[in-house]
There are 2 protein chains.
Amino acid sequence: MQNHKDIKTKERLLLHAEILFAQRGFHAVSVREITTAAKSNLAAVNYYFDSKKNLYLEVFRQRWVPRARQIKESFENVLAEKENPGINEIFGALAHAFIEGPLDDEERKIHVQLMQREIVSPTAAFELVANEVTAPFFEDLSRRLRPCLPKDTDETSLVLSNISMLAVVLYFNFSRAVVTRFTGKEYDSGFKMRLIQHIAAFSRDGFNSLLRKENL
Amino acid sequence: MQNHKDIKTKERLLLHAEILFAQRGFHAVSVREITTAAKSNLAAVNYYFDSKKNLYLEVFRQRWVPRARQIKESFENVLAEKENPGINEIFGALAHAFIEGPLDDEERKIHVQLMQREIVSPTAAFELVANEVTAPFFEDLSRRLRPCLPKDTDETSLVLSNISMLAVVLYFNFSRAVVTRFTGKEYDSGFKMRLIQHIAAFSRDGFNSLLRKENL
DNA sequence: GTCTATAGCAGGATAGAC
DNA sequence: GTCTATCCTGCTATAGAC
């Protein structure tokens, strides 16, 4: 059995800071809360990270970005098995990576909440997320989708559709209060499978609007 | 020319509190900031609203809910002009109400940001928003869409699609940092028209997935 | 590297003069 | 209804013992 002493203080701080920041945001969480949760001393945050602000940034650098890579890899691995994946396969893989994927439920929730907070109130971490994760991800996605779309599809249309798809995927992760409230369903494995199907179908058909001339 | 003295102190507090809460969230904004912005005295918040927390709630009660009603009315008025509106008309009206609609750009941004914050970190205001606005809105939307869908479409499928559509609409309002970053476009009137078209097309075609048996 | 103690400040709230 | 002055709590950050 692992107890907290088996993990180094610095790691424990990152771990618990991430959970608390994700749940309630930077300003609503105090250093005292973080060090109590991490069973470390109050002074530890400043000793290891200089400041609360920098701890927040390190959470993104050391925990958020690597996890985003995991999600991306899962997405790529699913697609690598198919040859010439079409819109269907691409969105199936995407919905799967984000709703089921490599992370457990709690981890994914934390991951998306942190991202969402940066989108609503961007801080220094926003640039990190945008440059290191979102931009390459959108580029990769566009590259994969291009062959499925008419040759004259312009870049903006493609980006708007990418954003819309991302919006739906994120929403079903971070806004569970809304989803549970209005569907009456909990996020058990049956409901998650249903969500994957829904997101894949909704995004795929939304993308199909790019195939029709009158909307361009 | 109107100066700040023409508006009662209580109203000025609500006005500026709303802007600041929307921009940076409850915890990041201090009572001192609000009273300075409203050109009122530091003690005014407690005099009129008892506490900062209650001021936040009153912002939703007195400003947010009425504005949500305005958006809803705009949506209904557009639809009232058409007879037997189909999926196309419904989503056209919806995208229009949320992206152009009755509010000016700044107001709509504030409106959606406040809502978004409640979705990410629900407080007492969440129940208000869900009960008084979101629930009736989803019901109304379902009632309008039902005639356009197969008879055996189950309620959950419909709700999931409503949520997805809302996700896209909200996203293009509150996540301008992302949209501007990846499209390179500012929210001028040309781009907004394009967004309306995009959202209407994406949502409508996403909904069309409900028409196909294999996704149910 | 961990701890206690505390500096130093900003926050929400209130009492009481006007 | 408005204002000043102030209380008091809770915060981040740091100094210095161990």
Side-chain angles (χ1 to χ4, degrees), chain A residues 2-63 114 117-118 121-125, chain B residues 2-63 114 117-118 121-125:
Chain A
Q2 229 189 16
N3 81 32
H4 77 271
K5 281 288 170 193
D6 296 335
I7 311 175
K8 292 210 171 69
T9 301
K10 195 172 174 181
E11 284 307 310
R12 289 203 314 276
L13 285 170
L14 283 169
L15 184 79
H16 289 95
E18 178 175 41
I19 296 170
L20 290 165
F21 285 145
Q23 287 173 339
R24 310 214 312 278
F26 180 81
H27 293 283
V29 175
S30 68
V31 173
R32 281 169 164 79
E33 262 181 294
I34 296 168
T35 52
T36 303
K39 298 198 204 309
S40 82
N41 189 270
L42 171 61
V45 161
N46 288 73
Y47 177 75
Y48 284 106
F49 300 99
D50 289 335
S51 70
K52 179 189 173 185
K53 217 171 204 144
N54 193 51
L55 166 58
Y56 180 78
L57 217 69
E58 286 300 315
V59 163
F60 276 85
R61 271 202 266 266
Q62 296 188 39
R63 296 188 58 87
L114 278 176
R117 290 190 186 283
E118 278 304 312
S121 293
T123 70
Chain B
Q2 228 191 15
N3 79 30
H4 77 270
K5 281 288 170 194
D6 297 335
I7 311 176
K8 293 209 171 71
T9 302
K10 195 173 173 181
E11 284 307 310
R12 291 205 310 279
L13 285 171
L14 282 169
L15 185 79
H16 287 95
E18 178 175 40
I19 296 170
L20 289 165
F21 285 145
Q23 287 173 340
R24 310 215 310 281
F26 181 81
H27 293 283
V29 175
S30 68
V31 171
R32 283 170 165 81
E33 260 181 295
I34 295 168
T35 52
T36 304
K39 297 199 206 307
S40 82
N41 188 270
L42 171 59
V45 161
N46 287 73
Y47 178 75
Y48 285 107
F49 300 99
D50 290 333
S51 70
K52 179 188 173 188
K53 217 171 204 145
N54 193 53
L55 166 58
Y56 180 77
L57 217 67
E58 286 300 314
V59 163
F60 275 84
R61 271 202 265 267
Q62 297 188 37
R63 295 189 58 88
L114 279 176
R117 290 191 186 282
E118 279 302 313
S121 292
T123 70

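Just so it is clear: chains get the letters A, B, ... in the order the sequence lines come, proteins before strands, and each one is counted from 1. Just so we're clear, the structure is a prediction, and the values are computed from it rather than from any experiment.
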Contact summary for B:T35 and B:V45, nearest pair of heavy atoms: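 Closest approach of B:T35 to B:V45: CG2-CG2, 3.8 Å.
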At their closest point, which heavy atom of B:H27 faces which heavy atom of A:A28, and how far apart are they?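 Taking every non-hydrogen atom into account, CD2-CB, 3.4 Å.
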Name the closest nucleotide to the [X] side chain, picking from [options].
X	options	answer
A:Y48	C:dG12, D:dT2, C:dG1	C:dG1
B:A43	D:dA13, C:dT4, C:dT14	C:dT14
A:T9	D:dA13, C:dG12, C:dT2	C:dT2

Rounded to whole angstrom units, what separation is found between the [atom1] atom of [X] and the [atom2] atom of [N]?
X	N	atom1	atom2	result
B:L42	D:dG1	CG	P	18 Å
A:K53	D:dA13	NZ	C1'	14 Å
A:I7	C:dG1	CD1	C1'	17 Å
B:R32	D:dA5	CZ	C1'	11 Å
B:N46	C:dA13	CG	P	5 Å
B:H27	C:dA10	NE2	C1'	16 Å
A:K52	C:dC9	NZ	C1'	15 Å
B:L55	C:dG12	CG	P	11 Å

Using OP1 and OP2 only, check whether a side-chain N or O of [X] sits under 4.0 Å from [N].
X	N	result
B:S40	D:dT2	no
A:S30	D:dG10	no
B:Y47	D:dC3	no
B:N41	D:dT2	no

With rounding to the nearest 0.5 Å, note down the distance linking CZ in B:F21 to CZ in B:R117.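 It comes to 11.0 Å.
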Looking at OH of A:Y56 and CG of A:L114, how far apart are the two atoms once the value is rounded to the nearest 0.5 Å?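 Rounded to the nearest 0.5 Å, the OH-CG separation comes out at 6.0 Å.
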Inspect the contact between B:E58 and B:K10 and indicate whether a charged nitrogen and a carboxylate oxygen are less than 4.0 angstrom apart.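 Not counted as a salt bridge, because no side-chain N and carboxylate O are separated by less than 4.0 Å.
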